[in-house]
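One structure below.
Reminder, nothing fancy here: chain letters follow the sequence lines and each chain counts from 1.
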2 protein chains.
Amino acid sequence: MEPTLKLADQICFPLYAASRLITRKYTPYLDQLGLSYPQYLVMLVLWETDQVPVSFIVQQLLLNTNTVTPLLQRLEAMGMLTRKKSREDERKVIVSLTAKGRKLKEQAATIPSEMAACLLSKDITAADLGALVQTLNQLIATLNEEEAG
Amino acid sequence: MEPTLKLADQICFPLYAASRLITRKYTPYLDQLGLSYPQYLVMLVLWETDQVPVSFIVQQLLLNTNTVTPLLQRLEAMGMLTRKKSREDERKVIVSLTAKGRKLKEQAATIPSEMAACLLSKDITAADLGALVQTLNQLIATLNEEEAG
DNA sequence: AAAATTTATATCGCGAGCGATATAAATTCT
DNA sequence: AGAATTTATATCGCTCGCGATATAAATTTT
């Protein structure tokens, strides 16, 4: 199939639209936690691995420093985390969850299954979503490699 | 597989990351046209169907009016399109390409195949991408239905 | 026909997301 | 050791994306 300038043919547009629509779907659940979607992603990283430098979050989320720094500043202002210069390397800033930030994980625990239920339908099975995630991760690996190289 | 709070398990994150990385990949090509990625999407719509109300672009791109209106205002300032009130229904604003906007389509013609080449790799075939787009479109339909209903 | 409601678009305010640039600390080079 | 370079994070300015709200025109109700 020859690629054309038609919207439906582009790979980019379905990705872009699906990403936004899913983010919208998260919003009511995240509102209850007082988090935006990108803030939720930062918390996911920290709930898995606490006390990490800013660069670790940048790598995990594939974002830039100039996006992550303001995100962390807002989460710090909300009392979810602290930012402290590292002892060994004063260039690094170590991000650590506060008690409040750790506690929020309990409230968030139900979100993944609630969201999974939202996405399944008569046309989409769990297997479809599994295949989707696999291809997306390969795509991400390809795009990310090219950037680094 | 039980859904958890791990970043890698969430469907949302691969979508979000892939969408952003692909947009980044487009940037150097779109810079040559002087367009941002969302502006490019608007132009794709208009290159397919000219002289449409704002609501048509909103529907096609699954965006909100308050995103599309400023987008159109910027494209108008760039001389790519005009916005005029409809004769039959003065609430509607009809968006039409200018000669300059129509001409840009020629310059954009090579982008789809160039991008397709970027996305293929040893791990991803054209068939994989085809399946990806199909699942994404079903996902979009599911999410969009729920919103409307 | 006047009032109430709906529809189409626009404005406001805020949090992303990112290119370009800045700053400070660590590392490498000479 | 001092200078040059690299690394880690932050700041600035702009566009997007969206919830809340506003405005004006059309439609429906009474």
Contacted region of DNA chain C by chain B, from 5' end to 3' end of the hits, cut-off under 4.0 Å to heavy atoms, spans C:dT7 to C:dC18

Of the residues in residues 27-46 of chain B, which ones touch DNA chain C at a heavy-atom distance under 4.0 Å?
-> none

Would you please name every residue forming a side-chain hydrogen bond (donor to acceptor under 3.5 Å, both in side chains) with B:Asn137, sequence neighbours left out?
-> none

Name of the residue among B:Met115, B:Glu114, B:Arg20 meeting side chain to side chain contact (heavy atoms under 4.5 Å, CB included) with B:Lys25 = B:Met115

Ordered by number, residues from residues 74-82 of chain A within less than 4.0 Å of DNA chain C (heavy atoms) are A:Arg74

Distance-only criterion, 3.5 Å: show the donor-acceptor pairs between side-chain atoms of residues 68-85 of chain A and protein atoms not counting sequence neighbours.
residue, atom, partner, partner atom, Å
A:Thr69, OG1, A:Thr65, O, 3.2
A:Glu76, OE1, A:Arg83, NE, 3.1
A:Glu76, OE2, A:Arg83, N, 3.4

Remember a base hit wins even if backbone is also touched, and classify A:Asn66 as base, sugar-phosphate or nothing at under 4.0 Å, heavy atoms.
-> base

Which residue pairs satisfy the salt bridge (Lys or Arg N to Asp or Glu O under 4.0 Å) criterion with at least one member in residues 32-44 of chain A, sequence neighbours excluded?
-> none

Output all residues satisfying side-chain hydrogen bond (donor to acceptor under 3.5 Å, both in side chains) with B:Tyr40, sequence neighbours left out; order by chain, then residue number.
-> none

Could you give the side-chain donor-acceptor pairs of residues 29-36 of chain B under 3.5 Å, partners two or more places apart or in another chain?
residue, atom, partner, partner atom, Å
B:Ser36, OG, B:Gln39, N, 3.3
B:Ser36, OG, B:Gln39, OE1, 3.4

Taken in chain and number order and not counting sequence neighbours, the residues that satisfy ring pair (Phe, Tyr, Trp, His ring centres under 6.0 Å) with B:Tyr16 are A:Tyr37

Please identify each residue that fulfils side-chain hydrogen bond (donor to acceptor under 3.5 Å, both in side chains) with B:Thr49, with sequence neighbours left out.
-> none

Proximity to DNA chain D (any heavy atom under 4.0 Å), residues of residues 47-56 of chain A only = A:Pro53, A:Val54, A:Ser55

Does any N or O in the side chain of A:Glu145 come within less than 3.5 Å of the main-chain N or O of A:Ile140, such that one atom is a donor and the other an acceptor?
-> no

With sequence neighbours excluded, tell me which residues meet salt bridge (Lys or Arg N to Asp or Glu O under 4.0 Å) with B:Lys100.
-> none

Would you classify B:Asn64 as touching base, sugar-phosphate or nothing, given that sugar-phosphate means primed atoms plus P, OP1 and OP2, and contacts are heavy atoms under 4.0 Å?
-> sugar-phosphate

Go through the steps for A:Leu129 and B:Leu139 under the test side-chain contact (heavy atoms from CB on, under 4.5 Å), then give the verdict.
-> CA-CA 9 Å; A:Leu129 290 182; B:Leu139 198 60; 4.2 Å; yes

Between B:Thr67 and A:Thr67, the residue closer to the 5' end of DNA chain C by nearest nucleotide is B:Thr67

Please give, in whole Å, the distance from D:dC18 C1' to A:Lys25 NZ?
-> 16 Å

Atom CG in A:Leu120, atom CG in A:Asp128: separation rounded to 0.5 Å?
-> 9.0 Å

